[in-house]
Amino acid sequence: MKTILTGLRVNSDLHIGHYLGVLTHMAKLSNKYSTDGYEVNFFIPDLHSIISEVEGDMAANTLRNVKYYLAAGLQPNEHVHFYRQSRVPAHSELCWILNCIATMGELSRMTQFKEKGKGKTTVNVGIFDYPVLMAADILLYDAYYVPVGEDQFQHLELTRDLATRFNHRFGKDILTVPAQTKEQVQFMEISNGVRIRDLLNPEKKMSKSTPAENSKIMLSDTPELARKKIMSATTDSFAKVRYDMFNQPGISNLLQIEALATNTPLDDVIAKWNGETRYGELKKKVAESVAVMLDNFQKKLANITDEEVNSLFERGEVYANQVANRKLEEVQEAFGLR
Ligand code: ATP
Ligand code: MG
């Protein structure tokens, strides 16, 4: 029985890039694999959240993110498990134990650490050590598939290294080494994964930390506001619609959004608009599609209750503690701690 594991931080609200690139994609994969012999773990990495600032209230953000998954089409069943990381103490415990086999050298080489620490006079130890916590998050559940963005590939490699080192040290396969990045990417169909671009600077991806409000459409934006943001999106001066992310990223991004928002194959959308000279027409259509998409999403969201999410957590956290404690105990035994 293979386990798929994914986490989504709750530090701030999410944008349509998250929705179209992650939430709907994970919902589809979960619906497919949880009914096909896999366990699918969705956890809220709240201990990862506190290494940096949290906008708003963590408990409220947590409920909101789970509702986002559900409103994006995720259908929970007994093989889908939602849990909060901090409610499963084994994560912190295994993290400490793995700290004792990880080295300063390998953690210092992590690109994310270098980037997050850049230009800062002080950096908390959590930022340095969170890849080890991430390894614990994965290894406690024998997770084999861990869909992550490119920025986390290096941490996945670290997880593989730590698991291999641990097993080698004790001469038995206690920890499951997750799939190699290439296999992950294939299995999770990440190569088809989309990168929604920044509306004002379409050569970059849409990002929640970009300050300009018109660069991103948040999932809490009203459909009307979303419409306006699309209408003011940066395009180009070619005056001819073509799908070419390199030379015409703004227009290509709009085509991409249109395809995903209306659930139409991208090729069909491209065929329909190719050669169009009036960018305004395309924008109007995309603005309408995004407004409809957000409206539908927000209506679904409004119908999901806190109780529903809390009962998912209740069930998920019993399951997670059982699985994680069993693995932790094997690790503790290996080290002579039990
Ligand atoms: P930040 O600016 O703080 O890095 P972000 O908007 O890039 O925030 P992350 O929290 O870094 O969001 O990413 C969470 C997940 O969402 C990752 O798996 C990432 O690959 C995915 N993601 C982020 N932005 C986009 C986007 N524009 N299109 C598709 N997927 C995205
Ligand atoms: Mg990011």
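All residue numbers in this chain count up from 1 along the given sequence. Just follow the structure's listing: the first ligand is 1, and inside any ligand the first atom is 1.
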(request) Mark up the atoms of ligand 1 that fall under 4.0 Å of a heavy atom belonging to Ser207, in ascending order. (result) 1 (P), 2 (O), 5 (P), 6 (O), 7 (O), 8 (O)

(message) Are Glu314 and Val318 packed together at the side-chain level, in the sense that at least one heavy-atom pair is separated by less than 4.5 angstrom?
(response) no

(request) Mark up the atoms of ligand 1 that fall under 4.0 Å of a heavy atom belonging to Arg195, in ascending order. (result) 20 (O), 22 (N), 25 (C), 28 (N), 29 (C), 30 (N), 31 (C)

(request) Provide, to 0.1 Å, the distance between atom 12 (O) of ligand 1 and the closest protein heavy atom, together with that atom's residue and name. (result) His18 NE2, 2.9 Å

(request) Find out whether Arg87 and Phe43 are in side-chain contact, i.e. whether some heavy atom of one side chain is under 4.5 Å from a heavy atom of the other. (result) no

(message) When you measure from the side chain of Lys229 to the backbone of Glu213, do you find a donor-acceptor pair of N or O atoms at a distance under 3.5 Å?
(response) yes

(request) Using a strict cut-off of less than 4.0 Å between a Lys/Arg side-chain nitrogen and an Asp/Glu carboxylate oxygen, indicate whether Arg197 and Glu203 qualify as a salt bridge. (result) no

(request) State whether the shortest distance between N or O atoms of Gly21 and N or O atoms of ligand 1 falls below 3.5 angstrom. (result) no

(request) Considering heavy atoms of the protein only, find what lies nearest to atom 7 (O) of ligand 1 and give residue, atom and distance to 0.1 Å. (result) Lys205 NZ, 2.5 Å

(message) Return the closest protein heavy atom for atom 3 (O) of ligand 1 as residue, atom name and distance.
(response) Lys208 NZ, 3.0 Å

(message) To check your reading of the model: name the closest protein heavy atom to atom 28 (N) of ligand 1, its residue, and the distance in Å.
(response) Ile196 N, 3.0 Å

(message) Please classify the His15 to ligand 1 contact at 4.0 Å (heavy-atom distances, strictly less than): side chain, backbone, both or neither.
(response) side chain

(message) Assess, by modelled atom type and distance only, whether the side chains of Tyr144 and Glu183 contain a donor and an acceptor separated by less than 3.5 Å.
(response) yes

(message) As an exercise, identify every atom of ligand 1 less than 4.0 angstrom from a heavy atom of Ser209.
(response) 1 (P), 2 (O), 3 (O)

(message) Is it the case that the side chains of Tyr83 and Asn41 hold a donor-acceptor pair, with the cut-off being a distance below 3.5 Å and no angle test?
(response) yes

(request) Could you check which of Val194, Val10, Val22 puts a non-hydrogen atom nearest to atom 18 (O) of ligand 1? (result) Val22

(request) Could you check if a side-chain atom of Thr6 sits within less than 4.5 angstrom of a side-chain atom of Val146, using non-hydrogen atoms only? (result) no

